[in-house]
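Scope of the values below: all heavy atoms of this structure, side chains included, with no hydrogens, waters or symmetry mates. Everything numeric in this text was worked out from a predicted model, so none of it was measured.
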Amino acid sequence: MKKLISFYAAGQNRFGILHDKDITDLSTKTGYASLRDLIAAGDRDALSATRTVDFNEDEVQFLTPVPNADKVLCIGVNYANRNAEYKDDSALPKYPSLFTRTNSSLVGQDQPLMLPPESEQFDYEGEIVLVIGKAGRRISQEDAMSHVFGLTLCNEGSVRDWMRHGKFNVTQGKNFDASGSMGPWIVPIEDMPDLSDLSLKTYVNDELRQSDTTANMIFPFAYLISYLSTFMTLLPGDLIVTGTPTGSGARFDPPKYLKDGDVVRVEATGLGVLQNTVRRETV
């Protein structure tokens, strides 16, 4: 299984392949400036570059896998149990809920999640992410998965009270700087197991908070790609954050919001573990 990462080392942003603890730096071997550029070129041969030890994992800072993504598209309420969690007796949604995140709202593996001083309602949401590999508009569901390069993980951190500032949108509470994380790597789709039944779990300080499977998604991966591409062109490196299961902190009674020092861990079948520690932001 290949693990494609973006990272900062020796004074610049780079990308490569993580082998155990060693990293092969593809940015110096392939001629591409970023992982997004490699994805856009469709150059699978570049992923077979000779294994070299250019850096050790301990020497680098993990970035989000596609730090220069054109779009980060996030789907809300996409697990059947998650809809029931609202306790409003509503039917399953006819269409996906959608919002966007900025690249600056996300950090990489092992980088701190910043608890903002403006709120005590900082929450977690473990999610699986599709990384688009081939551009397309009005993509059919039958052809949708051929547009996917690979998958990664996201902790779609949320500031709950700021999500309710607007009448119709949640954008404010979803875009505090460094409030979410993505990574630690992209696994190419050909290296993944059956996508229709991936296990997804979120832990806070080793306590299991979320657990579900993609088999329970209301809108499967292929549908999301087809739906989104109806009104926008999906580009290589675009990220589709596909929804979180029940069990976010806001849904407990009383709520279990994140605190300074909490460790959040998101894991899914075939994708490894994304881990970050919460740190209180000082201003």
Side-chain angles (χ1 to χ4, degrees), residues 36 39-40 64-66 69-86 90-103 105-106 125-158 169-171 174-175 180 182-183 186-190 192-200 202 210 212-246 248 266 268-271 274:
R36 178 186 172 190
I39 292 171
T64 58
V66 190
D70 183 73
K71 293 184 282 294
V72 182
L73 306 168
C74 302
I75 305 300
V77 194
N78 195 27
Y79 285 80
N81 291 339
R82 179 88 166 108
N83 187 67
E85 193 177 47
Y86 282 85
S90 64
L92 293 179
K94 186 176 180 180
Y95 301 108
S97 299
L98 174 67
F99 55 93
T100 62
R101 289 192 73 128
T102 61
N103 289 315
S105 73
L106 299 166
E125 295 187 3
E127 313 202 21
I128 293 171
V129 182
L130 302 175
V131 183
I132 296 298
K134 182 174 64 174
R137 177 85 194 277
R138 298 188 177 92
I139 302 167
S140 69
Q141 291 191 56
E142 292 72 23
D143 193 40
M145 298 312 292
S146 71
H147 287 258
V148 176
F149 175 81
L151 291 88
T152 188
L153 294 169
C154 181
N155 173 15
E156 214 267 294
S158 306
N169 64 284
V170 298
T171 301
K174 294 289 190 177
N175 281 283
M182 192 174 288
I186 297 172
V187 176
I189 191 169
E190 60 267 23
M192 287 292 298
D194 179 15
L195 300 184
S196 67
D197 194 18
L198 299 178
S199 171
L200 174 63
T202 306
Q210 296 182 291
D212 212 328
T213 165
T214 54
N216 290 325
M217 279 185 162
I218 301 170
F219 304 106
F221 294 153
Y223 178 90
L224 293 175
I225 293 168
S226 179
Y227 178 81
L228 294 170
S229 69
T230 303
F231 58 89
M232 66 170 70
T233 300
L234 296 179
L235 299 175
D238 282 354
L239 304 163
I240 303 175
V241 187
T242 59
T244 197
T246 186
S248 59
V266 180
T269 310
L271 290 173
L274 171 66

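Across A222 and A144, no two heavy atoms sit closer than the pair O-CB, 3.6 Å. Shortest non-hydrogen contact noted between P65 and G183 is CG-CA, 3.7 Å. For the pair C154 and V129, the tightest heavy-atom approach, listed with the atom from each and the gap, is CB-CG2, 3.5 Å. Taking all atoms of both residues into account, the shortest heavy-atom contact from P245 to Q210 is O-NE2, 2.7 Å. Minimum heavy-atom separation, N78 to G243: CB-CA, 4.2 Å. Annotation for M192 and L198: closest pair CE-CD1, 3.9 Å, computed over non-hydrogen atoms.
In terms of the side chain to side chain donor-acceptor pair (under 3.5 Å) criterion, T152 has no residue partners (sequence neighbours excluded). Here F99 pairs with nothing under the ring pair (Phe, Tyr, Trp, His ring centres under 6.0 Å) rule; sequence neighbours left out. In this structure, the side chain to side chain contact (heavy atoms under 4.5 Å, CB included) partners of T64, at least two apart in sequence or on a different chain, are P67, L106, M182.
To the nearest 0.5 Å, the span separating OG on S229 from CD on Q141 amounts to 9.5 Å. For the atom pair OH of Y95 and CD1 of I218, the computed distance is 15.0 Å after rounding to the nearest 0.5 Å. Taking NZ of K71 as the reference point, atom CG of N103 lies at 11.5 Å (rounded to 0.5 Å). Distance check, rounded to the nearest 0.5 Å: CD1 of I225 to CG of L130 gives 5.0 Å. Atoms CD1 and OG1, from I128 and T244 in turn, are 10.0 Å apart once rounded to the nearest 0.5 Å. To the nearest 0.5 angstrom, D70 atom CG is 10.0 Å from L239 atom CG.
With T100 contributing its side chain and V72 its backbone, the two residues share no donor-acceptor pair below 3.5 Å. At distances below 3.5 Å, at least one donor-acceptor pair connects side-chain atoms of S158 with backbone N or O atoms of E156. A donor-acceptor contact shorter than 3.5 Å is absent between the side chain of D238 and the backbone of I132. Although no hydrogens or angles enter the test, the distance criterion places no donor-acceptor pair under 3.5 Å between the side chain of N155 and the main chain of G126. Looking at R137, its side chain never comes within 3.5 Å of a backbone N or O of L234 through a donor-acceptor pair. Formation of a donor-acceptor pair under 3.5 Å by the T269 side chain with backbone atoms of S199 is found in this model. A donor-acceptor pair under 3.5 Å is formed between the side chain of T214 and the backbone N or O of L195. Within the 3.5 Å criterion, the main-chain N or O of G136 finds no donor-acceptor partner in the side chain of T233.
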Quiz item: Could you go step by step and tell me if D143 and S140 meet the side chain to side chain donor-acceptor pair (under 3.5 Å) rule?
Solution: CA-CA 5 Å; D143 193 40; S140 69; 5.1 Å; no
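No side-chain heavy atom of E125 sits less than 4.5 Å from a side-chain heavy atom of T202. Taking 4.5 Å as the limit, every side-chain heavy atom of S105 sits out of range of all side-chain heavy atoms of K174. Looking only at side-chain heavy atoms (C-beta outward), Y227 and L98 stay at 4.5 Å or farther from each other.
L200 pairs in a side-chain contact (heavy atoms from CB on, under 4.5 Å) with only one of the listed residues (T213, V266, D212), which is V266.
Other residues, nucleotides and ligands place more than 12 heavy atoms under 6.0 Å from the CZ atom of F231.
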